[in-house]
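Some notes on the structure that comes next.
Just so it is clear, the structure is predicted and the values come from calculations on it, not from any experiment. Below, all heavy atoms of this structure are taken into account, side chains as well, without hydrogens, waters or symmetry copies. To find a chain, count down the sequence lines: A is the first, B the second, and so on, and within it residues start at 1.
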Amino acid sequence: MNKNKQNKESFKMEVRLAGSGGQGLITAGMILAKAAVLTGKLNAVQTQSYGPEARGGASRSDVIISDYEQIYYPKARKLDILLAFNEESYYKYTPLLKGAGILIVDEKYVPEVKEKNAIRFPFITTAKTEIGTPIVANIIAVGFIGGLTGILGKKVLREAVTTSFKEAFRKKNLKALEIGYRVGGKHTERMKFL
Amino acid sequence: MNKNKQNKESFKMEVRLAGSGGQGLITAGMILAKAAVLTGKLNAVQTQSYGPEARGGASRSDVIISDYEQIYYPKARKLDILLAFNEESYYKYTPLLKGAGILIVDEKYVPEVKEKNAIRFPFITTAKTEIGTPIVANIIAVGFIGGLTGILGKKVLREAVTTSFKEAFRKKNLKALEIGYRVGGKHTERMKFL
Amino acid sequence: MGPKSPIYDYLRYKKKFPTVWCPGCGIGTIMGAIIRAVMSLGYDKNDVVMVSGIGCSSRMPAYVDFNTLHTTHGRAIAFATGIKLAKPHLKLIVVTGDGDGLAIGGNHFIHAARRNIDITHILINNSIYGMTGGQYSPTTPRRAFAYTAPYGNIEPDFDVVELGIAAGASFVARTAVYHIIQMGKIIEKALKHKGYSLVDVISQCPVLYGRLNKMRSPVEMLLWQKEHTVDIKVAAKKSPEELEGKYIVGIFKDDPDMPEYVSEYQKLIDSLKE
Amino acid sequence: MGPKSPIYDYLRYKKKFPTVWCPGCGIGTIMGAIIRAVMSLGYDKNDVVMVSGIGCSSRMPAYVDFNTLHTTHGRAIAFATGIKLAKPHLKLIVVTGDGDGLAIGGNHFIHAARRNIDITHILINNSIYGMTGGQYSPTTPRRAFAYTAPYGNIEPDFDVVELGIAAGASFVARTAVYHIIQMGKIIEKALKHKGYSLVDVISQCPVLYGRLNKMRSPVEMLLWQKEHTVDIKVAAKKSPEELEGKYIVGIFKDDPDMPEYVSEYQKLIDSLKE
Amino acid sequence: MPNKERPALVQGNIACGYGALAAGCSFFGGYPITPSTEIAEFMARELPKRGGKFIQMEDEMGSLAAVIGASIAGAKAMTATSGPGFSLMQEHIGFAYITETPIVVVNVMRGGPSTGLPTMTSQSDTLQAGFGTHGDYYAVAFAPSSVQEVFEYTVKAFNAAEFLQTPVVLLMDETLAHMREKFIYPPTDSIEVINRKKPETPFAWFKRFEMTPDCISDFPAFGDGYRYHITGLVHDPMGFPTAVSSEIVKSAEKLRDKILIHKDRFTYYEKFMTDDAIWLIIAFGTAARSAKQAVIEARHHRMKVGLLQLYTIWPFPDELIAELSRNVEGIVVAEMNMGQLIREVKKACPRKLPILGANRYDGVLITPDEIIHSLKAVHGSKEK
Amino acid sequence: MPNKERPALVQGNIACGYGALAAGCSFFGGYPITPSTEIAEFMARELPKRGGKFIQMEDEMGSLAAVIGASIAGAKAMTATSGPGFSLMQEHIGFAYITETPIVVVNVMRGGPSTGLPTMTSQSDTLQAGFGTHGDYYAVAFAPSSVQEVFEYTVKAFNAAEFLQTPVVLLMDETLAHMREKFIYPPTDSIEVINRKKPETPFAWFKRFEMTPDCISDFPAFGDGYRYHITGLVHDPMGFPTAVSSEIVKSAEKLRDKILIHKDRFTYYEKFMTDDAIWLIIAFGTAARSAKQAVIEARHHRMKVGLLQLYTIWPFPDELIAELSRNVEGIVVAEMNMGQLIREVKKACPRKLPILGANRYDGVLITPDEIIHSLKAVHGSKEK
Amino acid sequence: MAETAAKKPKVRYPEGKIVVFEKWCKRCGICVAFCPTGALAEDERGVPYLATPDKCVLCAQCWLRCPDFAIIKGPEIKEEE
Amino acid sequence: MAETAAKKPKVRYPEGKIVVFEKWCKRCGICVAFCPTGALAEDERGVPYLATPDKCVLCAQCWLRCPDFAIIKGPEIKEEE
Ligand SMILES: Cc1ncc(C[n+]2csc(CCOP(=O)(O)OP(=O)(O)O)c2C)c(N)n1
Ligand SMILES: Cc1ncc(C[n+]2csc(CCOP(=O)(O)OP(=O)(O)O)c2C)c(N)n1
Ligand code: SF4
Ligand code: SF4
Ligand code: SF4
Ligand code: SF4
């Protein structure tokens with residue numbers, strides 16, 4: 001665990017995944033949190049917000065991962081990581097990023113990003129081109145965050161993905177995870193400032 | 001008004017009519033109260049108690065007549081007059097009679113009465129023999145109390161009866177009132193002690 | 001000690017009699033018919049559950065020596081559904097009034113019928129709200145009088161039998177208190193039937209319905225039943241005009257093959273075991 | 001400015017569009033058919049009231065420029081009853097889902113049908129609870145899947161048409177979103193009919209019902225409707241075996257002579273004036 | 001109908017019907033239940049004579065739905081019920097509240113919970129009238145104590161409902177409902193009748209739930225030419241659903257403030273011999289009659305007792321109680337339940353005072369003696 | 001079902017299902033409603049595998065009726081709903097109460113009143129859970145705040161229901177219900193499971209509602225060979241309706257005392273940094289999590305703040321509040337409604353203390369900052 | 001509580017025929033009206049009794065119809081004291 | 001609030017035929033599937049357009065079936081701007 005990297009006594013990371021309904025960001029958050037819990041050492045809580053309708057609309061998923069015994073307030077407040085899959089989310093939540101917080105956007109769906117140090121990656125396009133379906137973009141993002149942060153081993157991430165999908169969908173999602181993990185891993189240096 | 005007879009500044013009379021369901025004692029109470037109100041000078045309130053069932057069972061009707069502006073507690077507490085149409089009522093309520101309170105029983109349905117000064121009259125039998133139906137026994141009782149107390153003129157009593165029954169039943173009930181009033185009138189001296 | 005007759009073993013006669021019902025009310029007669037049917041089927045009293053809602057008719061459970069449940073207005077069938085599902089070997093008899101079973105309880109009635117759950121529903125149909133003192137009900141005929149229909153009822157009444165069949169009940173019959181023998185036989189068949197069995201029993205409420213509608217005595221009302229009912233077999237041979245204003249009595253539907261809900265559930269459980 | 005077409009005059013399109021409904025959901029198509037029917041009858045929008053309960057289908061009133069009332073789950077018909085009775089000249093259109101109209105709302109449905117009150121009830125029947133995310137409803141066929149029927153539904157479904165007729169509605173029809181022209185005509189007739197008019201519209205919920213029951217697209221579901229419906233006239237010539245598993249569409253009952261509730265009430269008022 | 005020239009003997013339930021008609025009620029939707037049925041039966045007789053509508057619905061959900069529908073169509077509408085029916089109406093009370101629809105719900109209280117004691121008296125739905133529906137709810141409920149007052153407060157209930165555009169509950173108890181008492185029909189022109197605010201704005205500018213300083217918006221009926229949307233979802237001033245935080249907050253606060261701003265206007269009470277009172281009884285409904293008798297009798301025994309009779313139960317008059325509690329040494333809350341109003345009194349009293357209940361819950365009217373008994377107890381508790 | 005060996009990520013609603021199964025629940029009757037549906041869906045999947053029964057009823061009246069019926073037939077039975085459904089269940093909650101039938105009702109709270117904010121969080125059915133049914137009613141309601149606690153308190157809810165033979169409400173909020181969190185399935189033998197008291201008396205002597213010192217009577221199931229009568233009318237110890245004053249009183253008091261005698265046993269709470277606290281926050285459910293965070297942050301600013309987290313909402317722990325209030329100078333009640341629990345707190349505090357609400361009612365979880373804001377306000381109010 | 005049922009009926013019902021429990025009888029008149037042989041009659045209080053015992057053929061009409069379980073077939077009865 | 005409807009559609013719909021409001025279209029595929037003449041097609045995003053205008057006979061199928069009021073008959077439209 002890169003607790004020490006955090007240069008804090010204890011470790012807590014707040015992640016928000018935001019976009020629109022149907023992009024699978026609640027699943028992504030769930031898998032991140034599941035992986036954390038499966039480590040056996042970390043605590044995690046995942047929450048989400050719905051719009052006024054029971055289905056559809058904007059979608060937002062918060063994941064807090066920590067080695068505290070308990071995570072009290074379960075929603076993200078100051079974001080360590082924000083993943084924005086659409087413009088609205090980018091504008092709405094960027095202000096909540098910590099000073100050294102990491103902004104990750106889908107470069108196709110959030111074309112105009114002011115923040116220079118933002119990480120831009122074509123999640124959805126990559127999903128389409130490399131795996132043949134845009135639906136797995138969310139799992140690329142999971143892998144990406146996994147690789148970036150390094151706090152969740154690839155093993156638990158794989159386990160979390162495997163146990164979250166039916167047989168038929170597993171392979172594609174594991175592949176997506178792999179891709180994301182690899183690309184994300186290139187940005188680990190950013191974690192130092194967090 | 002025989003307010004003066006009461007030898008009180010103000011006048012209040014508490015009457016309870018008790019028997020079993022179907023004897024018409026709620027109607028009787030209502031007519032007594034109506035007559036009082038129709039005088040234009042008296043105030044009256046009539047209440048009743050039901051058994052556990054919405055229909056049937058024991059029946060009890062309280063009437064309070066007064067020349068106070070307001071009658072507060074609306075149930076009879078210390079009875080000036082108790083009319084008992086069955087044994088149960090006689091046993092249950094006689095203890096609530098005031099010292100000089102007047103006990104009236106149907107001599108056929110309450111055969112054993114300890115109180116020497118009780119007024120005994122065969123209301124139900126009289127109704128049957130003189131008017132041909134036991135149902136009007138209740139109105140004989142109304143007349144009886146009217147005649148006995150003298151506080152309600154025969155005119156308002158007749159009016160109260162007339163407005164309480166459909167055409168078809170009026171005549172018999174007025175006759176019953178007449179009979180009761182006549183017999184009740186014989187006991188007016190009892191009012192002195194009230 | 002009290003009377004000795006087999007039927008008294010089925011009554012809580014020491015505690016509860018005489019009943020609350022008015023003189024000549026049909027509910028007591030129907031209660032007798034139900035008990036006799038249970039007796040003749042030889043059911044163990046411990047296995048019989050009688051459930052009712054609220055109303056005059058719903059007072060019945062207090063008088064019979066079964067497992068008895070007097071619930072809320074209109075919901076007896078839903079309570080019975082829970083009991084039956086939790087303990088399938090129990091025999092469920094639901095008694096409701098026409099208001100209880102068809103007004104406030106109409107929804108549970110059609111849904112239990114749809115599920116075809118094994119419950120016997122005796123609908124005591126006196127065409128009036130008795131307990132609350134004579135308001136019109138969903139089976140009060142048009143033009144009849146009630147305290148909330150002082151100028152004559154303008155609402156049409158349900159055809160309970162048609163409704164039960166359309167909703168999906170697998171046994172549907174109508175009888176009348178007058179037809180005392182037929183009533184007994186039909187109730188017995190309904191109890192034996194596996195699935196939702198509905199018996200619409202035309203009954204008399206002499207003090208409210210009778211008085212308001214110029215039928216002065218229980219006897220008169222029973223004779224009215226006699227004159228206004230036609231046996232289903234006889235009816236088949238009559239013209240619609242001849243049947244105008246008549247209630248057809250008999251068994252309208254008796255389909256033992258429709259899947260019954262609790263058994264279907266058991267099959268599901270068994271299938272998951274494999 | 002927005003689009004110009006007569007139909008947009010009937011939509012709150014500036015405020016509310018696009019709708020909340022999922023891609024390919026049948027509710028929008030039905031909404032179009034209702035509006036076109038109102039247009040072709042030339043009703044004044046001020047005189048039209050659309051009332052709904054709770055559910056996906058019950059979101060419809062927000063989009064149409066009538067007097068619109070989105071009530072509680074299951075109770076739309078009862079609200080509509082109050083409105084109609086208080087202001088008889090208003091045209092009442094009630095839209096409900098199958099859960100809304102037949103599960104929690106089943107009782108109001110059968111009683112309004114019994115009274116034959118002049119309300120048009122469009123029952124948007126997608127065989128599932130959409131809004132709450134895919135639980136089975138009283139019209140989910142046996143064996144179909146839903147989130148509360150993960151092993152296949154064991155409950156039989158209502159025949160809505162039979163139920164409506166048995167309850168007393170004077171106009172009863174069934175159609176399907178696929179039958180877009182027929183649907184329009186039937187809704188128009190239902191609106192014109194004086195009395196309780198029920199239109200059971202088979203509709204598609206592609207994201208819940210479809211996905212759970214292996215129909216992957218709205219188009220596939222519409223084609224399913226095509227294959228599983230038979231026109232009432234054609235059906236008359238077919239054997240029960242041929243009709244097994246099919247839904248008959250068309251007008252089942254259209255009786256203009258049955259007394260309508262609000263008119264009957266008006267007669268009562270008039271009679272008391274005399 | 002009563003003879004308007006002469007005093008008459010009238011039943012509580014019937015006086016409620018008179019009051020409703022006097023207030024302009026033209027719609028009654030109900031489902032029979034003891035001890036309220038006489039109200040429905042009266043309306044079934046009288047409304048059609050006046051062109052009004054009575055309908056007996058299939059259940060209580062349906063009854064209140066029809067009543068709300070009628071009100072939306074412009075009628076003054078009411079229902080009458082008792083505990084079990086009142087429980088079933090809770091969802092729709094919330095709907096009328098959030099949609100700002102004026103309706104009057106009469107609850108003639110009998111013994112509960114559940115079927116309880118259907119023919120016997122009680123005041124045990126008092127808290128339910130305040131908190132029975134889900135969500136944040138600010139209730140309005142009145143409670144008369146005599147037949148004359150039943151008339152008066154039925155009119156007031158309609159007025160409050162129409163003015164505030166909210167459901168108003170009239171709490172009666174079985175004793176009052178079935179009691180027959182002298183009743184004098186007030187001169188027609190003395191009866192104040194309030195009607196809901198109608199729009200003057202043209203349709204284009206109209207917002208049904210507009211935010212206004214006094215939180216009261218214009219309310220045209222369906223069919224009046226103003227086409228708008230009504231929903232039980234939290235909505236914006238136009239009536240359309242919203243999930244915008246600021247709009248949600250405003251809408252909830254409008255509903256609350258509407259009641260609180262106008263609270264004084266609809267707070268009715270009577271002080272009975274409280275001027276020099278050292279001991280205070282608080283009561284409502286028929287229990288307040290017993291309490292008045294108790295005051296008179298206690299005063300015979302030189303106990304300085306007064307009564308605060310509440311006619312407005314909700315919103316609860318905290319300030320009034322706080323004020324009166326300042327000058328007394330103890331309070332007895334007399335009610336026919338196991339202690340409901342006393343909870344509010346305790347909360348309202350800023351001082352630490354002995355507050356005792358005089359409670360009766362066997363279905364029988366509480367007696368003056370029982371109240372005096374509690375007065376003595378509170379007296380004693382103070383001395384210790 | 002969870003892997004019992006390893007921590008798992010579990011949703012609040014699902015943990016409720018696990019808890020129910022662990023407590024021995026074998027019957028679920030319900031009607032879907034957001035945000036509680038996952039509970040029903042879980043039970044629909046799991047119960048038939050274990051021979052238990054799931055039924056989706058036609059409405060909420062039917063759901064609770066079936067649940068009560070199943071309990072009478074001996075099953076541990078539950079339902080899950082949300083505000084609108086909870087309102088419709090009020091009549092039957094009273095029926096379960098008066099007939100002493102153990103049932104568990106989960107209410108996942110969303111914004112109200114009426115349809116309100118169906119997908120957003122809230123704690124605004126708190127008072128309704130206490131006073132929603134007609135008649136005198138003594139409620140039992142628990143409120144967990146984490147997924148692990150949802151499991152624990154679902155078991156406790158069944159235990160309390162079975163022990164007390166009364167309906168128990170589990171109050172969750174949408175946030176908690178949909179939250180996924182680390183969950184460790186406790187060792188099976190560490191889970192205490194209580195079952196209702198069964199008779200040992202022979203049938204001839206058996207009285208279903210016998211008066212006993214601890215107010216708990218024997219409860220055989222229908223079909224166990226004890227034939228008895230159950231009614232929603234006020235009844236005697238045999239279960240038959242009564243109108244005898246003394247029996248009515250005893251029956252009402254038994255129902256009340258049953259709850260009060262065993263109150264301590266079922267009063268759950270946690271004191272968090274209260275030992276030296278000068279300022280006290282009171283909260284429950286997810287609001288308590290925000291409050292804990294607020295305590296920690298306030299302490300960073302050297303404010304001596306503590307939290308009393310209530311897990312038992314009803315019966316309200318007055319004595320506990322009274323005791324804790326003695327040592328503090330001000331109280332903040334943090335809740336996601338317009339001020340419900342605060343009413344109880346005010347009533348329970350014998351001292352005149354500043355008591356302020358930190359309220360949020362826009363469907364969003366209250367934040368630690370908002371609570372700190374109120375802490376500052378109460379601090380200020382004290383200084384004035 | 002057995003008092004209502006306990007009082008022994010007056011012996012107006014010959015052995016082996018029918019018996020009326022007066023305490024439960026509500027005098028509704030049904031049994032008399034539907035007795036096919038006319039064996040039953042009402043006394044002055046409206047209570048039925050077997051006026052013409054010989055006519056009673058034990059057809060069951062009266063006890064099946066009585067809503068109040070107030071008539072039963074004689075042979076099955078053993079009145080204890 | 002009119003922004004959703006206000007954007008002028010790209011002129012892929014020749015005068016007098018049908019028009020698709022892309023902002024409302026949910027790409028359900030119904031119009032294309034039920035176009036009896038095959039005049040409609042989906043673009044790469046799944047949005048329908050009149051691929052072969054000449055084939056369109058204004059049969060009404062697409063605009064009657066579209067659940068989202070996203071297709072209307074051309075002549076009735078006047079796009080202002
Ligand atoms: C929720 C509720 N609403 C209303 C009532 C009042 N109520 C009791 S019985 C009854 C109707 C009785 O009529 P029916 O079901 O026809 O039975 P009957 O009394 O005629 O046998 C009504 C409306 C109630 N107890 N509970
Ligand atoms: C009293 C109440 N119970 C339950 C719900 C939850 N609920 C909302 S919509 C719905 C069912 C929706 O199904 P249906 O009526 O078939 O309409 P659809 O969404 O499929 O159009 C349910 C159960 C509610 N809002 N209110
Ligand atoms: S009121 Fe009618 S239904 Fe009720 S007991 Fe009397 S006769 Fe029977
Ligand atoms: S969930 Fe189903 S019914 Fe609801 S909008 Fe989507 S497709 Fe339509
Ligand atoms: S039928 Fe029964 S209750 Fe009626 S008179 Fe005969 S014995 Fe008496
Ligand atoms: S039918 Fe309508 S919503 Fe569907 S693809 Fe065609 S235009 Fe788009």
(message) Is a donor from one side chain sitting under 3.5 angstrom from an acceptor on the other, for F/Q128 and E/Y137?
(response) no
Mind checking whether [X] and [Y] have side chains closer than 4.5 Å, heavy atoms only?
X      : Y      : value
E/H134 : F/M109 : no
E/R343 : F/E344 : yes
F/F86  : E/Q90  : no
F/F131 : E/Q340 : no

Quick check on the interface: out of [options], who has the most heavy-atom pairs with chain F under 4.5 Å?
options                        : answer
E/Q123, E/K346, E/R256, E/R360 : E/R256
E/A252, E/G363, E/G339         : E/A252
E/G85, E/A348, E/G135, E/S246  : E/G135
E/S251, E/G83, E/S82           : E/G83
E/H235, E/R110, E/E253         : E/E253
E/P113, E/G112, E/G94, E/P350  : E/P113

(message) Quick check on E/T133 against chain F: is it the side chain, the backbone, both or neither that has a heavy atom closer than 4.5 Å?
(response)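 Contact with chain F involves both backbone and side-chain atoms of E/T133.
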(message) So for E/I98, is it side chain, backbone, both, or neither that comes closer than 4.5 Å to the heavy atoms of chain F?
(response) side chain
(request) Examine whether an atom of F/S245 lies under 4.5 Å from a heavy atom of chain E, and if so say whether it belongs to the side chain, the backbone or both; otherwise answer neither. (result)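 Both parts, backbone and side chain.
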How close do [X] and [Y] get, heavy atom to heavy atom, and via which atoms?
X      : Y      : value
E/D136 : F/Y361 : OD2-CB, 4.4 Å
F/L233 : E/T115 : CD2-CG2, 3.7 Å
F/V249 : E/D362 : CG2-CB, 3.7 Å

(request) Could you check which of F/D125, F/V364, F/T231 has the highest count of heavy-atom pairs closer than 4.5 Å to chain E? (result)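 Option with the top pair count is F/D125.
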(request) Determine the option with the most heavy-atom pairs under 4.5 angstrom with chain E, choosing from F/G132, F/S122, F/G111, F/S114. (result)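 The answer is F/S114.
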(message) By the definition side chain to side chain contact (heavy atoms under 4.5 Å, CB included), identify the one residue from F/M89, F/H92, F/E91, F/M61 that meets it with E/S87.
(response)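 Among the candidates, only F/E91 passes.
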